[in-house]
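For reference, the structure discussed in these notes is given below.
Counting begins at 1 with the first residue of the sequence. Order of appearance sets the numbers: ligands from 1, and atoms from 1 within every ligand. It should be emphasised that the depicted structure is a prediction, and the values quoted were computed from it without experimental measurement.
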Amino acid sequence: MLLFALFMILFSSASAYVLEEECLNYTVYPVQYELTLTPHIYKDGNSYYDCDIVITVIANGPNVNIIELDAKDLEIKRDSVQVWDGSVNLVNEYRPYEFDNTRGKLFIYLREPLQQYSVSRKQYFIKISFIKRVGLDSDGIFLTEYDEYGRPQYLFTTRLSPNKAKYFFPCFENPQFEAVFKFKVYVATPQPNLQYCNTSLVIAEEQKRQSSSSSYTIIEYMPSPQVALYQVGFHHSNFGSRQNTARKTNDTLVIWAPGSSLKHYDFILLYGETIINLLHEYAGVNRPLVNGPINIVAVPKLIHGYETGSWNLLTNSDTKLSYINEFTSIKQMEQMKFELAQQLSRIWLGNPGEVQRTRWKEEWFKEGVAGYLAYYLLTQYNDGTVSYNQRLPIDMYGLEMKHKAMAVDWAHSAPALASFNRTLAIEIPTRYKELVTMKTASLLWMVENWLGPEKFHQALVNYINSRRGQYISLIDFMASLDQDTVECFHQFFNGSTSSRVLNSWFHQSGYPVVNVLVLRDRTPNAVQLKQVKFSFIEKDGHDSNYLIPISYIVQHNQNCYNCFQPRFTIGSQTYTFGENLNGGWIILNRNASGYYRVNYDEDTWRLIAKALQEDHTSINELNRAQIANDVLALYAAGSLREDIALGVLEYLNKEISHVVWDAVISGFHSLKTEGVKMTRASYEEWKQFMRTKISTIYKRLTVSPEQSSNIRLYRSAVVQFACDVAYQPCLQQMTQHYREHRNSNKRLNPDYRETCYFLALSSGKTDISGNLNRFELEDKMNAEHRLRLENKFLYRIPKGEPKPLPYMKSTTTTTTEIAVTSTPHVAGKGTTAFVSLLTILIALFKLMIFT
Ligand SMILES: *[C@@H]1O[C@H](CO)[C@@H](O)[C@H](O)[C@H]1NC(C)=O
Ligand SMILES: *[C@@H]1O[C@H](CO)[C@@H](O)[C@H](O)[C@H]1NC(C)=O
Ligand SMILES: *[C@@H]1O[C@H](CO)[C@@H](O)[C@H](O)[C@H]1NC(C)=O
Ligand SMILES: *[C@@H]1O[C@H](CO)[C@@H](O)[C@H](O)[C@H]1NC(C)=O
Ligand SMILES: *[C@@H]1O[C@H](CO)[C@@H](O)[C@H](O)[C@H]1NC(C)=O
Ligand SMILES: *[C@@H]1O[C@H](CO)[C@@H](O)[C@H](O)[C@H]1NC(C)=O
């Protein structure tokens with residue numbers, strides 16, 4: 001009766017997922033899986049489990065004579081395969097089944113065809129018994145070894161995304177199929193040789209527990225909600241746990257880890273609880289995220305992040321969950337904070353275990369919103385000084401996500417976001433996952449800045465709250481956003497709505513650079529804007545047609561109407577407007593939240609460079625960050641002369657802002673983009689230039705005893721960059737640090753560890769000691785990866801000739817001290833060297849022809 005009801009829900013509700021055309025094609029459809037597992041974890045490594053599985057299926061078409069299941073690396077017990085229609089076994093006795101392990105297929109042959117459900121209302125029960133041997137490197141479900149009190153311990157855990165369920169049990173491997181899962185686990189009582197296990201976790205809560213005979217305790221679990229195979233999970237170990245409950249709801253976070261190490265998980269537990277509290281605060285309603293607890297398992301093995309679809313049984317590497325002061329680097333801590341915030345956001349946005357299930361038609365969009373929310377929550381978390389009442393702007397994270405997306409989004413092969421339309425999140429190719437998350441999040445940030453944060457967040461929250469238990473789709477979201485923000489409509493000259501803006505970016509790949517030309521010979525000055533698609537390798541970008549919300553600031557105009565918020569959008573046409581600049585600069589992309597770059601005429605660049613030299617704080621730090629990043633990227637793309645780029649960046653020795661240096665560092669790495677015309681000589685010159693610029697902030701940070709996580713993060717990034725550009729004091733200090741570590745076993749500062757490994761590896765020391773813990777191992781792997789990329793880059797580019805530019809000479813011969821103290825000299829030189837009237841005229845002329 002229960003099954004029938006379930007089935008009716010599945011097939012009668014018009015909006016059920018399974019009704020989508022492609023699924024109707026499958027002839028056998030699973031309604032429920034019942035798994036009875038008996039794990040045997042042996043210390044000698046011959047671990048396995050016995051499993052009896054009962055799959056309730058219905059036939060979805062006529063004439064089904066063969067049932068095709070997915071199964072791999074399983075040992076099916078002979079004669080165990082049965083298909084029951086009531087009390088009749090339909091399996092063909094002469095040829096019951098065929099198991100093709102290579103293809104991962106199990107075919108069951110029937111004596112007579114199944115009857116179609118729509119005609120017969122009949123359910124069938126497939127029964128199979130099998131053994132699964134589980135090793136350290138098994139797919140889907142694996143054994144993990146770790147050390148506790150000097151003794152090796154073992155556990156089983158699953159990672160079934162995206163399509164590994166067939167290694168766990170025979171199934172119908174289609175990510176669109178959803179079924180109910182009922183688990184029963186036989187836990188062996190303690191025996192010699194057998195690993196003692198008192199913890200079993202599945203995706204449902206325990207229902208009852210009884211001791212059978214003498215050797216087993218039987219745990220039965222409640223039926224799970226309907227889930228896809230990749231959302232199933234199982235964990236078996238002797239882990240202990242700690243838990244915390246949210247302030248406003250019963251949402252409970254439980255961390256599972258070896259009992260002896262539980263204290264290292266207090267940080268993540270408290271952090272996770274805070275994030276849940278922030279989510280409830282954000283939503284404004286006290287609706288629990290999930291029915292029942294959220295279990296997080298710290299797997300003692302390097303694994304890459306959470307499984308996208310997991311909701312109440314999450315697994316991650318223990319290095320992404322535990323915080324150990326001596327070992328966890330600040331970058332690792334930042335990563336663990338981001339990953340958990342992102343996973344909890346995904347859960348909040350919709351999961352199988354919520355009171356009413358919310359589904360997203362476009363899962364790429366959900367991923368993007370979850371990415372955006374993760375950064376938003378991290379901002380409000382504010383390094384533990386939680387901001388519940390006042391919305392803090394995501395500034396620094398905003399730039400981080402934007403620059404991550406921009407580093408890959410320019411390439412020809414980068415797809416438009418909308419082209420992922422119905423792709424499930426687990427099926428988005430790995431190489432595009434970050435693009436999808438970071439670009440969508442950046443575009444939301446752009447719209448936030450356009451509408452104003454209050455209006456934007458209110459619209460987002462109202463929408464999600466109003467669609468609980470329903471479908472969320474992009475079209476519906478856009479319509480609702482427009483409706484909620486309709487009064488903004490009148491603020492724009494030509495009435496671009498949020499949805500039109502977003503759509504123009506969702507349906508095109510890449511991003512533009514806006515070329516700004518100020519015609520200063522008329523009053524008011526005329527400002528011409530023209531967008532072209534940005535590319536690192538094609539010199540003349542193609543015209544593009546993104547709807548760009550334009551915001552700007554000017555140097556000398558107190559009554560600038562457009563200066564506070566973007567008030568108009570531009571399309572593919574050249575757009576000209578009047579604004580009196582009074583001989584000052586204009587800077588586009590205020591607050592840096594626009595997903596585009598800006599290139600100015602040389603005159604304006606010169607004014608910006610001058611302003612930065614004279615008093616860089618006269619330009620807000622987010623804009624300085626964007627300018628620095630743009631300048632490096634535009635130079636790399638061949639759209640900006642080297643002397644201008646160097647002139648704008650000349651002031652950097654005075655720069656102490658974290659967000660600006662992050663932008664410089666990511667901009668500097670764009671010089672190494674594949675296809676960019678660099679030579680080893682010019683790369684060396686850029687490194688040299690950066691060496692003269694990094695010294696001030698390097699000294700300041702390495703001397704400072706400050707240990708707040710923001711400063712640690714900043715310090716770690718600056719030290720890494722300083723060593724990357726071969727800044728001598730950094731090389732000396734880090735080499736010394738590493739030597740002390742090797743000679744006297746002095747522990748490496750975790751924040752410098754990756755840099756030390758990198759230096760050791762690049763000087764040919766490949767013997768970074770064998771006995772590394774996972775935190776160290778992770779850094780070593782990162783260092784190796786970075787070294788490979790750097791070597792590949794150097795190998796790829798030609799040697800080149802050092803340029804005897806007069807301007808370059810002045811910077812290359814300038815020592816650190818002179819660069820800091822000789823501002824007037826450098827600025828004076830800059831003005832004569834890089835602004836010749838002729839070049840400006842030529843540039844103007846070119847631009848005029850172009851537009
Ligand atoms: C559905 O069936 C048609 C015809 O049998 C086949 O061509 C198509 O590939 C099937 N689609 C799926 C998703 O299996
Ligand atoms: C299981 O046993 C371990 C080791 O004896 C202990 O630390 C842990 O707390 C136990 N877990 C549970 C759930 O009882
Ligand atoms: C929280 O759980 C307790 C006990 O499990 C229950 O009595 C209470 O009603 C729950 N509260 C909410 C808000 O769900
Ligand atoms: C997905 O997007 C592509 C390109 O935008 C389009 O051709 C295709 O029809 C879309 N598919 C669905 C199912 O909407
Ligand atoms: C207004 O929107 C259109 C796109 O619909 C665009 O082409 C145009 O440039 C926009 N801006 C202005 C200021 O006209
Ligand atoms: C933009 O920057 C200004 C400072 O120039 C700041 O006051 C404002 O809050 C920022 N806006 C947003 C949305 O971050």
task = In plain terms, say whether D779 and K331 are close enough for a salt bridge, that is, a side-chain N and a carboxylate O under 4.0 Å apart.
result = no
ask   = Does K780 come within less than 4.0 Å of E784, counting only side-chain N to carboxylate O?
value = yes
Any protein N/O atoms within less than 3.5 Å of an N/O atom in ligand 2? List the atom names and distances, or say none.
unit_1, atom_1, unit_2, atom_2, d
ligand 2, 2 (O), N198, ND2, 2.4
ligand 2, 11 (N), N198, ND2, 3.0
ligand 2, 11 (N), F239, O, 3.1
ligand 2, 14 (O), N198, ND2, 3.4

task = Tell me, with the steps shown, if F142 and F156 meet ring-ring contact (aromatic ring centres under 6.0 Å, His included).
result = CA-CA 6 Å; F142 50 86; F156 279 168; 9.4 Å; no
Under 3.5 Å, which donor-acceptor pairs do the side chains of residues 161-169 form with other protein atoms, sequence neighbours left out?
unit_1, atom_1, unit_2, atom_2, d
S161, OG, E307, OE2, 3.2
K166, NZ, N163, O, 3.2

inquiry  = If you compare all heavy atoms of N101 against all heavy atoms of D73, which two are closest, and at what distance to 0.1 Å?
reply    = OD1-N, 2.7 Å
message = Tell me whether E281 is salt-bridged to R247, with the criterion being a basic N under 4.0 Å from an acidic carboxylate O.
response = yes
